[in-house]
There are 2 protein chains.
Amino acid sequence: MNPTIKDVAKQANVSIATVSRILNSTSAGYSEKTKERVQAAIKELGYKPNAVARGLINNKTQTIGVLFPDVSGMVTSELLYGIENVTHRLGHSVIVCNTSSQGKKTLDYLQLLSEKRVEGILFASEVLKDEYYEAIEAMKVPAVLVSTKSQKHPLPYVKVDDRDASYAAASYLIEKGHRRIGMLSGSPKDIIAGLPRIEGFQAALRDYELLDQGPSVFSAEGFSYEDGMEMFKKLRSEAEDITAVFAASDEMAVGALASAYKMNVKTPDDISIIGYDNIKISEMAIPPLTTVAQPLREMGEKAAELLFETLKTGESSQNIIMPHRIVERESVKEL
Amino acid sequence: MNPTIKDVAKQANVSIATVSRILNSTSAGYSEKTKERVQAAIKELGYKPNAVARGLINNKTQTIGVLFPDVSGMVTSELLYGIENVTHRLGHSVIVCNTSSQGKKTLDYLQLLSEKRVEGILFASEVLKDEYYEAIEAMKVPAVLVSTKSQKHPLPYVKVDDRDASYAAASYLIEKGHRRIGMLSGSPKDIIAGLPRIEGFQAALRDYELLDQGPSVFSAEGFSYEDGMEMFKKLRSEAEDITAVFAASDEMAVGALASAYKMNVKTPDDISIIGYDNIKISEMAIPPLTTVAQPLREMGEKAAELLFETLKTGESSQNIIMPHRIVERESVKEL
DNA sequence: TTGAAAGCGATACCAA
DNA sequence: TTGGTATCGCTTTCAA
């Protein structure tokens, strides 16, 4: 068994109360001499305070729970990096949960986290269903959304403005001289990352009076590489005159790149492509991908900071719109 | 405050002992009738058992700690996926730690995990220094290494045989008719992923009597995309007659691909490239990358299973060498 | 400056 | 089938 505070007390010939005071450097309450004696005992026994017991009495576990739809995703990893970073800096730990976008699993996790008495919840990259919100509410701990938001439920969120970012992507293409522009999008039924990006894209076309030149939005189910390949093929067969493409994720963009390569259409000479996210693969693509960057790590950090602030002050925080920016690489050509 | 077992007991007009029995479905000890009454009370109050209190008395926290050098790495994410998967299936949680390969941070984390009384440790993708081992030993919980190993310390590990896998990569190239083969490696000082891969590569060349045809191993500090680009350039300038390259990681291989593209040398027509890992980018590369696959998710799963087995049986487990296999895509040409 | 003791929310033993 | 109670390892009054 691990030594307990009792063992330390015995070893140092003091009461456990005194040991506790020294452990927590409670303002005074002991002499320098006993402090040294106790510390010697601690070292000698290799004593480590039991955080579980502390948690029970303080009602503080110093840990938060984070829910992701896919922990192996490239966007996820970057968010997690940022989250873990500030969480650790603030002396807390993070429990990761992989929901696989399944309602049951998500609810299970929430129940688990609740029993484990985590002090807060970070919910990432997915639609917040009513049941999730209710479960979180029932936990009576603060929660913040990352890379997602909820119209209906008043949880603070940290994200980029998808509509604005997409508008920027389309505008960028237009300003580079492109007039016939297509989009590879996620599902318009996806209210978080699907529809808003489509709307932003179309708003730009409208503002530049470039709508009505034929079909321009090609929607897949998701945002994967395969989705990108497939939709790009479709785009080429249904609207061959398109000179520039906005893909709603970098993975899709890379899929489009591959698809183009196979069809022997050159990027960016025959077709320009701009992505969305700025994950690692975008620099590694051939050619390196111009993309709308989300500051993913910072988003993770900010979300964690927000959560801890709420934890500390008790007052719930505001939403944060993080800045997007266009990272110019080599996949878009000026016309 | 959350309702406690006391509240439930009061509400159902029974003792807390009875509530506890029902919660844990302890064999009998209560009638069907009281059971229903208690469950009704639980539902009504929205009672959730406090895992912290349980942990204190059982000395079981149902959580493990996992240490990674970089949680945002692509290999890491896959390992984590596997780990999280079985950990959750077995009713436990995982606390992720990002050590940044720093000794101090690692030791800090170990101390933290120890105080939190995690039931086990998974240590991934990095050299196990003596101090780490000692800290883990002091925790008196089982630990297993993933994608790394230790000669010196008797911790079970789960990994691919790097030497064999590299031997296979080189052999594959040779059997495709290549005679002048180069390698882009990590540091030979890296005893885990550096040297063994170099040795496996050279062993294959030796067995096929292909050594002594000039310089063939180009070692970088790490395994990154940039390392791959740089070393490939060096390789081309110092050994232009090389027709096939083995890169010690997929990221390096993709860097080589990019570098080749820039130099206008075609893959696989002018030069063949084989990678190592089989992470997602290898399918997305242009051309899709032939590579030596490590079963990363399975490795994570296996490591977690091993850990929990040790936890259950108490007897420490054996090492597991996971099978590597060559995934043929389009970056290697038969000569 | 120090110690005794109550209590955090459960589990499990011993009686009834 | 039930309930009372000691206990897990710690923090925190309250007295001394």
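None of the values given here were measured: they were computed from a predicted structure. Quick note on labels: first sequence line is chain A, next is B, and so on, each numbered from 1.
Of the possible donor and acceptor atoms, one in the side chain of Thr106(B) sits under 3.5 Å from a partner among the backbone N and O of Gln102(B). Side-chain N or O atoms of Thr148(B) include none that pairs as donor or acceptor with a backbone N or O of Ala124(B) at under 3.5 Å.
To the nearest 0.5 angstrom, Asp130(B) atom CG is 12.0 Å from Glu137(B) atom CD.
Axis angle between the ends of the helix from dT1(C)-dA16(D) to dA16(C)-dT1(D), five pairs each and rounded to 10 degrees, works out to 40°.
Residue pairs that meet the ring pair (Phe, Tyr, Trp, His ring centres under 6.0 Å) test with at least one member in residues 89-122 of chain A, sequence neighbours left out, are His92(A)-Phe308(A), Tyr109(A)-His88(B).
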Next on the checklist: I'd like to know whether Thr4(A) forms a side chain to side chain donor-acceptor pair (under 3.5 Å) with Asn2(A), so could you lay out the CA-CA distance, the side-chain angles of the two residues, the decisive distance to 0.1 Å, and finally the verdict.
Outcome noted: CA-CA 6 Å; Thr4(A) 74; Asn2(A) 279 309; over 6 Å; no
Item to check | Steps toward side-chain contact (heavy atoms from CB on, under 4.5 Å) verdict (Met299(A), Ser147(A)) | outcome: CA-CA 8 Å; Met299(A) 288 164 67; Ser147(A) 195; 4.1 Å; yes
Next on the checklist: As a quick check of understanding, evaluate side-chain contact (heavy atoms from CB on, under 4.5 Å) for Glu119(B) and Val141(B), giving each step before the final call.
Outcome noted: CA-CA 6 Å; Glu119(B) 297 186 46; Val141(B) 299; 5.7 Å; no
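The distance between atom OH of Tyr47(B) and atom C1' of dG9(C), rounded to the nearest whole Å, is 7 Å. Between the CG atom of Leu23(B) and the P atom of dA10(C) there is a distance of 8 Å, given to the nearest Å. Asn58(B) has its CG atom 12 Å from the P atom of dA10(C), to the nearest Å. Distance, Asp7(B) CG to dG9(C) P: 9 Å, rounded to whole Å. The distance between atom CG of Leu56(B) and atom P of dT11(C), rounded to the nearest whole Å, is 12 Å.
Among the atoms of the strands shown, none is found under 4.0 Å from any heavy atom of Asn59(A).
Annotation: side-chain contact (heavy atoms from CB on, under 4.5 Å) contacts of Ser77(A) (sequence neighbours excluded): Ser72(B), Ser77(B). Scanning for ring-ring contact (aromatic ring centres under 6.0 Å, His included) contacts around Tyr133(B) gives His153(B), with sequence neighbours left out.
Shown here for Glu126(B) and Phe123(B), the closest heavy-atom pair between the two residues is O-CE2, 3.2 Å.
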Identify the pairs formed between an N or O of the protein and an N or O of nucleotides 2-5 of chain C at a distance under 3.5 Å, and give each distance.
residue, atom, partner, partner atom, Å
dT2(C), OP2, Ser31(A), N, 2.8
dT2(C), OP2, Thr34(A), OG1, 2.9
dG3(C), OP2, Ser15(A), N, 2.7
dG3(C), OP2, Ser15(A), OG, 3.1
dG3(C), OP2, Thr18(A), OG1, 2.9
dG3(C), N7, Arg21(A), NH2, 3.2
dG3(C), O6, Arg21(A), NH2, 2.3

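Along DNA chain D, read 5' to 3', the first and last nucleotides having any atom under 4.0 Å from a heavy atom of chain A are dG9(D) to dT13(D).
Relative to the ring axis of Tyr81(B), Arg297(B) places its NZ or CZ within 45° and under 6.0 Å from the centre.
Not one side-chain nitrogen or oxygen of Arg54(B) sits closer than 4.0 Å to the OP1 or OP2 atom of dG9(C). OP1 or OP2 of dT11(C) sits under 4.0 Å from a side-chain N or O of Ser20(B).
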